[in-house]
There are 2 protein chains.
Amino acid sequence: MAAKRSGAQGKRPRRITEGLQPVHEPRSEPPLSRERIVATAVELLDAQGVDGLTMRRLADRLGSGVMSLYWHVDNKEDVFDLALDSVLEYRGPPQIAQDWRGEVVHMLEDWRASMLRHPWSASLLPRRALGPNILSRLELLSKTLSRAGVAEADVNVAIWSLWNYVMGATITRASFDLSDDDRAAGHQRLTRLSERYPTIERSRLLLDNDWDGAFRKGLGFLLDGLSPR
Amino acid sequence: MAAKRSGAQGKRPRRITEGLQPVHEPRSEPPLSRERIVATAVELLDAQGVDGLTMRRLADRLGSGVMSLYWHVDNKEDVFDLALDSVLEYRGPPQIAQDWRGEVVHMLEDWRASMLRHPWSASLLPRRALGPNILSRLELLSKTLSRAGVAEADVNVAIWSLWNYVMGATITRASFDLSDDDRAAGHQRLTRLSERYPTIERSRLLLDNDWDGAFRKGLGFLLDGLSPR
DNA sequence: ACTGAGGCTCGTACACGGTACGAGTCGGCA
DNA sequence: TGCCGACTCGTACCGTGTACGAGCCTCAGT
């Protein structure tokens, strides 16, 4: 009973025949591999959204049979997990020496930006297991806040607060600009109901488009609250 | 070409035959209606989660044919929207006269509690249109913050910050206690990788179970930052 | 040179899912 | 009586994830 894969063994130990390509077969595709599958899944997700990712479509794009994927990957959930983590790497702060606030803000804005570049990732993240790239970011956050002098007992709360803020902001943002139809419909419903919700209508709460500015400003407020007194 | 429904006309103008039940038919179910469908959908979602809601299952539970649902409801998305909003009603602060912070905290904790009572709602909310009950909550928030003296230019940012915080916290919480399996697996992976993430390991970031306390405390920090100086 | 064992690919099949279509029922009114 | 509109539902279609097992192709051991 062939071993079947057991979690992470789609690795590529074969392909000893390095330099010589198979003569027949019109070039076509390089061999299947976990990495290639994940990369293609990200492409597909970017292009078609969460519902656009289908094992069949994925296989098509890879030029392989559907069931071949399952040799390298446990199931569709696995594909999501891998795609997600692959998109959340952090390369660290830009140059040398910033104050702790600058460092935190940079990492969180980068986090948000990464997720918005792949809008499907935002809504996926909170449901899935924490991959290594996410843990690294949390680790960094933890270290920075401790160094900044946040009380030992408050660090965890601070981390989760920042996490919550970033997740909420990004998920909301990502799902809002998906469809202009929804936006138009919402707009219409809004003006129709403006007498029911006068305050949010007057302040144009739902029409403000400066998401980036609002994110930065709100993050500022939160950090004000978190700063050691 | 029978009118078909057009969005909100599954209302019940028939049933003129009030007091007299149909003689044959062994009692069985009351007639189908939008309200009954939504209520049953919520039951199903509570019991089986987002993936557990199936038009077929829903119809089974209602004792009707699958396609009958589509007379009262546009499609499955519609069911989600209706179920979601039906679960988010706010009944207002407990008694009389609180300070603005107390009012805000009460409303947001109630919001969170409502969503945690129906864990599927948290992950659905940010993707779906804003229903009337949600808008009411935002309206209340807006009024309260203005009354509290938050600068005109900051009110919207404050609202979104609170929204983000609540959404992030609730979604995270709701998806975390779904499966003990995941939790166990994560725990194991964590201790295995503890040398890679020493700080979050030492602070037991991922093992702390006091979600409610953390929510309240973090909300306090955020409100500190938002308070008019 | 032959054989057998994996590593890997893939076609077929199944059990579901949402929903289009159109036929059927019933009650009230002309 | 005939019709019409509100409502119900069976059937059918197509698209989904994935179990199963048959088929490679390469290499190790003989």
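FYI, side chains are in, hydrogens and waters are out, and symmetry mates aren't considered; it's all heavy atoms of this structure.
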message: We want to know whether B:D46 and B:W120 form a side-chain donor-acceptor pair, criterion being a heavy-atom distance below 3.5 angstrom.
response: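 Their side chains do contain a donor-acceptor pair, which is all the 3.5 Å distance test asks for.
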- prompt: Looking only at side chains, do A:D85 and A:N133 share a donor and an acceptor under 3.5 Å apart?
  reply: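 On atom types as modelled, these side chains qualify, holding a pair under 3.5 Å.
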For [X] and [N], give me the distance from atom [atom1] to atom [atom2], rounded to whole Å.
{"X": "B:M67", "N": "D:dC7", "atom1": "CE", "atom2": "P", "answer": "16 Å"}
{"X": "B:L58", "N": "C:dT19", "atom1": "CG", "atom2": "P", "answer": "12 Å"}
{"X": "A:I37", "N": "C:dC10", "atom1": "CD1", "atom2": "P", "answer": "11 Å"}
{"X": "A:W71", "N": "D:dC25", "atom1": "CH2", "atom2": "P", "answer": "17 Å"}

task: Determine whether more than 12 heavy atoms belonging to other residues, nucleotides or ligands lie under 6.0 Å from atom CD of A:Q48.
output: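 Atom CD in A:Q48 is packed in, count exceeds 12.
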field: Pair A:D81 + A:K76: basic N to acidic O under 4.0 Å
entry: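 No salt bridge links A:D81 with A:K76.
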- prompt: With the threshold set at 4.0 Å, does a side-chain nitrogen-carboxylate oxygen contact exist between B:K217 and B:D212?
  reply: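 Salt bridge absent between B:K217 and B:D212.
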message: Between B:H72 and D:dT8, is there a contact of a side-chain N or O with OP1 or OP2 at under 4.0 Å?
response: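 Affirmative; the distance criterion is met.
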- request: Check whether any side-chain nitrogen or oxygen of B:S68 sits under 4.0 Å from OP1 or OP2 of D:dC9, and answer yes or no.
  value: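 Answer yes for this pair, as a side-chain N or O of B:S68 is under 4.0 Å from OP1 or OP2.
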message: Nearest heavy atom decides the nucleotide; on that basis, is A:E77 or B:L69 closer to the 5' end of DNA chain D?
response: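 Nearest-nucleotide comparison on DNA chain D picks B:L69.
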query: B:F215 ring centre to B:R173 NZ or CZ under 6.0 Å, with the angle to the axis within 45°?
result: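 No; the conditions do not both hold, so B:R173 does not lie above the ring face of B:F215.
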Overall bend - the helix from C:dA1-D:dT30 to C:dA30-D:dT1, comparing terminal axes fitted on five pairs, nearest 10 degrees: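 Nearest ten degrees gives 30° for this helix.
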query: Counting only N and O atoms by type, is there a donor-acceptor contact under 3.5 Å from the side chain of A:S86 to the main-chain atoms of A:A83?
result: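 Confirmed, A:S86 side chain pairs with A:A83 backbone.
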- prompt: With side chains defined as the heavy atoms from C-beta onward, is the minimum distance between A:W111 and A:L116 less than 4.5 Å?
  reply: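 Counting from C-beta outward, A:W111 and A:L116 never come under 4.5 Å.
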Could you pull out the protein-nucleic contacts involving nucleotides 13-17 of chain D (nitrogen or oxygen on both sides, under 3.5 Å)?
residue	atom	partner	partner atom	Å
D:dT16	OP1	A:T54	OG1	3.3
D:dG17	OP1	A:K76	NZ	2.6
D:dG17	OP2	A:M55	N	3.1
D:dG17	N7	A:R56	NH2	2.6
D:dG17	O6	A:R56	NH2	2.8

